[in-house]
**Q** 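Have a look at the structure that comes next, please.
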Amino acid sequence: MIFIRQTSAAVVLVTLTLSLQCAGMAVVIEWARPRFAPEVLRLGAIRSAILVMRLMTAFIGLHLLEILLWAGFYRWLCFPSWESAFYFSASSYATVGYGDVVLPWIWRTLGPVESIIGVLMCGLSASLLFAVVSRLVDREARASDTAITVAGDTTPGTRVRGGEAARRGRSTVSIS
């Protein structure tokens with residue numbers, strides 16, 4: 001009976017965490033999408049850095065909400081104070097697990113479950129952030145290819161390069 005209770009709680013908490021993460025990432029993607037519109041060729045270094053900072057802030061807020069979700073459960077059934085519940089949840093989610101605050105015996109399997117889900121959710125956030133940074137770097141490279149092509153620099157010591165501009169019927173050059 002105890003195992004069924006723990007498993008049921010874990011399934012509900014994991015489902016809610018996944019739902020929150022997916023909804024949060026969908027909102028972040030929808031918010032960031034206009035910054036990658038085809039007519040926006042280049043954001044520049046400062047705008048790119050601000051975009052990455054905003055994304056990281058959104059992910060930190062999202063992870064804090066997920067930690068609060070678990071802390072709410074812990075506060076309800078395991079700990080007498082919010083401080084203890086939040087501290088345990090944050091240390092479990094981040095896989096630190098100091099061990100100075102522990103769950104009651106009946107709920108002890110939830111700590112490792114939260115650690116696993118925390119790693120996966122942080123991995124999802126990191127992968128989206130990596131995709132965004134890769135896209136920003138790619139746009140900077142394409143913008144510099146286009147800038148050289150527009151300038152018409154065909155002096156000796158330059159070479160023609162393929163890529164996006166070549167697919168559009170333009171040749172690009174870069175200085176060797």
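Along the sequence shown, residues are numbered consecutively beginning with 1.
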**Q** May I ask you to test the Leu128-Met25 pair for a side-chain heavy-atom distance under 4.5 Å?
**A** yes
**Q** Could you give the distance from SG (Cys78) to CG (Leu110), rounded to the nearest 0.5 Å?
**A** 7.0 Å
**Q** Can you check side-chain contact (heavy atoms from CB on, under 4.5 Å) on Tyr98 and Tyr87, steps first, answer last?
**A** CA-CA 10 Å; Tyr98 290 118; Tyr87 174 77; 3.0 Å; yes
**Q** Decide yes or no for Thr109 and Phe3: does some side-chain heavy atom of the first lie under 4.5 Å from some side-chain heavy atom of the second?
**A** no
**Q** Verify, without hydrogens or angle tests, whether Ser89 (side chain) and Ala85 (backbone) share a donor-acceptor contact under 3.5 angstrom.
**A** no
**Q** Kindly say whether the aromatic ring centers of Phe88 and Trp70 come within a distance under 6.0 Å.
**A** no
**Q** If you measure from CG on Leu55 to CD1 on Ile50, what distance do you get to the nearest 0.5 Å?
**A** 12.0 Å
**Q** I'd like to know whether Val101 forms a side-chain contact (heavy atoms from CB on, under 4.5 Å) with Tyr74, so could you lay out the CA-CA distance, the side-chain angles of the two residues, the decisive distance to 0.1 Å, and finally the verdict.
**A** CA-CA 12 Å; Val101 176; Tyr74 297 143; over 6 Å; no
**Q** Check whether the side chains of Glu114 and Thr17 place a donor and an acceptor atom closer than 3.5 Å, and report yes or no.
**A** no
**Q** To the nearest 0.5 Å, what is the distance between CZ (Phe79) and CG (Leu103)?
**A** 4.5 Å
**Q** So Met121 and Tyr93, do their side chains get closer than 4.5 Å, heavy atoms only?
**A** yes
**Q** To the nearest 0.5 Å, what is the distance between CZ on Phe59 and CD on Gln21?
**A** 7.5 Å
**Q** Could you measure the distance from the OG1 atom of Thr57 to the CG atom of Leu62? Nearest 0.5 Å is fine.
**A** 12.5 Å
**Q** Under 4.5 Å between any side-chain heavy atoms of Leu129 and Val52, yes or no?
**A** yes
**Q** I'd like to know if Val132 and Trp31 are part of one continuous hydrophobic network [Ile/Leu/Val/Met/Phe/Trp/Tyr, side-chain heavy atoms within less than 4.5 Å].
**A** yes
**Q** Any link between Leu16 and Leu124 through a network of hydrophobic side chains (Ile, Leu, Val, Met, Phe, Trp, Tyr) touching at under 4.5 Å?
**A** yes
**Q** Just wondering, do Leu64 and Phe86 contact through their side chains at under 4.5 Å, heavy atoms?
**A** yes
**Q** Could you tell me how the ring of Trp76 sits relative to the ring of Phe73: parallel (under 30°), tilted (30 to 60°) or perpendicular (over 60°)?
**A** perpendicular
**Q** Could you tell me the separation between the CG atom of Leu51 and the CD1 atom of Ile46, rounded to the nearest 0.5 Å?
**A** 13.5 Å
**Q** Taking a hydrophobic cluster as the set of Ile, Leu, Val, Met, Phe, Trp and Tyr residues connected by side-chain heavy atoms closer than 4.5 Å, whether directly or through intermediates, do Ile4 and Trp107 fall within one such cluster?
**A** no
**Q** Within the structure provided, determine whether Ile117 and Leu18 are in side-chain contact (heavy-atom separation under 4.5 Å).
**A** yes
**Q** Do Leu20 and Val119 sit in one hydrophobic cluster, given that two such residues count as connected whenever their side-chain heavy atoms are within less than 4.5 Å of each other, even indirectly?
**A** no
**Q** Is Ser115 reaching over with its side chain to a backbone N or O of Gly111, donor-acceptor style, under 3.5 angstrom?
**A** yes
**Q** Between Leu77 and Val11, is there a shared hydrophobic cluster once you connect ILVMFWY residues whose side-chain heavy atoms come closer than 4.5 Å?
**A** no
